[in-house]
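First comes the structure, then the notes that go with it.
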Amino acid sequence: MDNPGFTERVFSGIQPSGNLTLGNYLGAVKRFVEMQDDGIETVYCMVDLHAITVWQDPAELSRNTRELAAGFMACGLDPDRSILFNQSQVSAHAELGWIFNCVARLGWMNRMTQFKDRAGRNAERMSLGLYAYPSLMAADILVYHATHVPVGEDQKQHVELSRDIAAKFNHDFGVTFFPEPVPVIEGSATRIMSLRDGTKKMSKSDPSDMSRINLTDDADTISRKIRKARTDALPLPDSTDGLDGRPEAGNLVRIFAALGDMSESGVLEQFGGQPFSKFKPALAEIAVSTLKPISAEMRRLTGDPGEIDAILGRGADRAAAIANPILDQTFEILGTVRSRFRER
Ligand code: AQP
């Protein structure tokens with residue numbers, strides 16, 4: 001057991017920074033649903049405070065948040081069994097985030113590859129929030145004393161940083177107060193790549209819509225995006241070794257395997273030796289049949305934004321009931337005077 005003395009609890013979040021992609025679905029949400037059914041308490045969050053680390057149009061932010069909530073539920077998250085809410089409604093995240101800004105070291109932040117990837121050569125012009133993002137993410141997880149964090153491969157470094165922050169806090173104050181959360185990176189699709197460039201992650205904020213499949217795409221759009229997906233001139237190989245050095249082919253095979261709940265070798269047993277003109281229509285078919293019921297359910301749910309808001313409000317109340325006492329104890333450990341009565 002990784003965290004003796006702590007009850008197992010799952011936390012994860014997704015930014016409402018655009019449409020949910022097939023990468024988010026296969027790398028994260030599908031796993032969220034499986035963990036909900038594992039009998040552990042699950043807390044899932046639309047991390048709007050992370051989304052605003054880059055400018056968001058206010059109307060789009062609320063639309064994306066409701067759409068993401070609908071996406072979660074359409075994929076199988078049940079707001080009665082999981083706690084489902086948006087981050088900014090539970091202020092304990094931001095408060096613990098500040099405390100962790102004072103625990104985390106600049107050197108640790110400087111090593112975060114996601115900031116470097118996103119900022120590129122424009123680091124000087126990025127927001128301070130984008131730089132401090134991993135310390136808020138540590139607060140998101142640790143304000144629930146969460147022990148397990150299902151994520152895609154790209155978030156592994158951030159979860160590891162949460163462990164370092166928890167360990168340093170515990171050490172600095174001589175306590176065993178925060179658990180050291182474990183990243184859960186499982187399944188065959190922990191890193192789905194762009195349809196336009198097999199070396200780049202599929203991302204909801206990629207400027208090219210052709211680079212990704214959105215959960216809201218209709219059947220024609222999905223088929224067109226797969227037909228136009230970049231590939232090479234060779235047929236598919238007979239074994240997974242033959243995918244080495246062929247990132248686009250490897251990505252499409254991985255997507256097929258994840259959608260069909262089969263292994264990559266199983267896909268190649270079926271399609272090895274065949275050209276992409278044969279493989280792509282089969283991939284489009286399995287993608288459409290998986291996503292069609294999800295997008296139909298999302299459309300139904302987004303038709304009633306009032307109901308989504310009510311679900312998020314109730315989820316936030318349940319989340320705050322766990323987070324606020326943990327935040328209060330953190331302030332006590334720090335030694336801040338807490339004399340104002342507030343209902344917790
Ligand atoms: N391409 C991917 N393959 C597998 N998993 C992925 N995830 C994201 N992209 C892929 C996983 O989805 C969860 C939510 O991620 P996020 O929204 O918090 O931020 P992100 O990782 O930065 O995702 P995006 O889609 O690339 O968002 P933007 O474009 O706004 O930055 C995480 O668990 C992530 O690992």
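Whatever order the structure lists ligands and atoms in, that order sets their numbers, starting from 1. Along the sequence shown, residues are numbered consecutively beginning with 1. Every heavy atom of this structure was used, including side-chain atoms; hydrogens, water molecules and symmetry mates were not.
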- Note on the structure: The protein heavy atom nearest to atom 19 (O) of ligand 1 is Gln15 NE2, 3.3 Å
- Query: Are Tyr144 and His93 close enough that their ring centers fall under 6.0 Å?
  - Reply: yes
- Query: Counting heavy atoms not belonging to Lys292, are there more than 12 under 6.0 Å from its NZ?
  - Reply: no
- Item | Any donor-acceptor N or O pair under 3.5 Å, side chains Asn214, Asp209 | yes
- Item | Leu49 backbone acceptor or donor facing Gln87 side chain under 3.5 Å | yes
- Is it true that Lys200 and Asp206 have a side-chain N and a carboxylate O under 4.0 angstrom from each other? yes
- Message: My understanding is that we take every heavy atom of each candidate and find the minimum distance to atom 8 (C) of ligand 1. Doing that for Thr53, Asn24, Ile255, which one comes out nearest?
- Response: Asn24
- Query: So does Glu285 have more than 12 non-hydrogen atoms from other groups sitting under 6.0 Å from CD?
  - Reply: no
- Query: Nearest protein heavy atom to atom 33 (O) of ligand 1, by residue and atom, and its distance?
  - Reply: Gly152 N, 3.2 Å
- Item | Nearest neighbour of atom 4 (C) of ligand 1 from the list Asn251, Thr190, Ile185, Thr21, on a heavy-atom basis | Thr190
- Just let me know how Gln114 lines up against ligand 1, side chain, backbone, both or neither, with a heavy-atom cut-off below 4.0 Å. side chain
- Starting from atom 14 (C) of ligand 1, find the nearest protein heavy-atom neighbour and note its residue, name and distance. Ile14 CG1, 3.5 Å
- Item | For atom 32 (C) of ligand 1, the option (of Gln155, His158, Lys156) bearing the nearest heavy atom | Gln155
- Note on the structure: With sequence neighbours left out, the residues meeting salt bridge (Lys or Arg N to Asp or Glu O under 4.0 Å) with Glu153 are none
- Task: Compute the shortest N/O to N/O distance between Val47 and ligand 1 and return yes if it is under 3.5 Å, no if not.
- Result: no
- Is there at least one pair of N or O atoms, one from Ser203 and one from ligand 1, spaced under 3.5 Å apart? yes
- Task: Verify whether one side chain among Ser194 and Ser211 offers a donor that lies under 3.5 Å from an acceptor in the other.
- Result: no
- Message: Between Glu34 and Arg31, does any NZ, NE, NH1 or NH2 come within less than 4.0 Å of an OD or OE carboxylate oxygen?
- Response: yes
- Message: Closer than 4.0 Å to some heavy atom of Arg191 - which atoms of ligand 1 meet that?
- Response: 3 (N), 4 (C)
- Number the atoms of ligand 1 from 1 as they appear, then name those within less than 4.0 Å of a heavy atom of Gly27, with their elements. 4 (C), 5 (N)
- Task: Starting from atom 21 (O) of ligand 1, locate the nearest protein heavy atom and write down its residue, its atom name and how far away it is, to 0.1 Å.
- Result: Asp154 OD2, 2.6 Å
- Message: For the backbone of Gly129 and the side chain of His50, can you confirm whether one donor and one acceptor N or O come within less than 3.5 Å of each other?
- Response: no
- Message: Suppose I only count heavy atoms of Ala189 and a 4.0 Å limit; which atoms of ligand 1 are within that range?
- Response: 4 (C)
- Item | From Ala51, Pro150, Gly23, Ser205 - option closest to atom 5 (N) of ligand 1 by heavy atom | Gly23
- Who gets closest to atom 22 (O) of ligand 1 by heavy atom: Glu153, Lys201, Lys204? Lys201
- Message: Please determine whether any non-hydrogen atom of Arg118 lies less than 4.0 Å from an atom of ligand 1.
- Response: yes
- Message: Checking the N or O distance criterion of under 3.5 Å, is ligand 1 in contact with Ile192?
- Response: yes
- Task: Return the set of residues passing side-chain contact (heavy atoms from CB on, under 4.5 Å) with Thr113 (not counting sequence neighbours), or none when no residue passes.
- Result: Gln157
- Query: Which is closest to atom 30 (O) of ligand 1 by heavy-atom distance: Ser17, Ser12, Ala28, Pro183?
  - Reply: Ser17
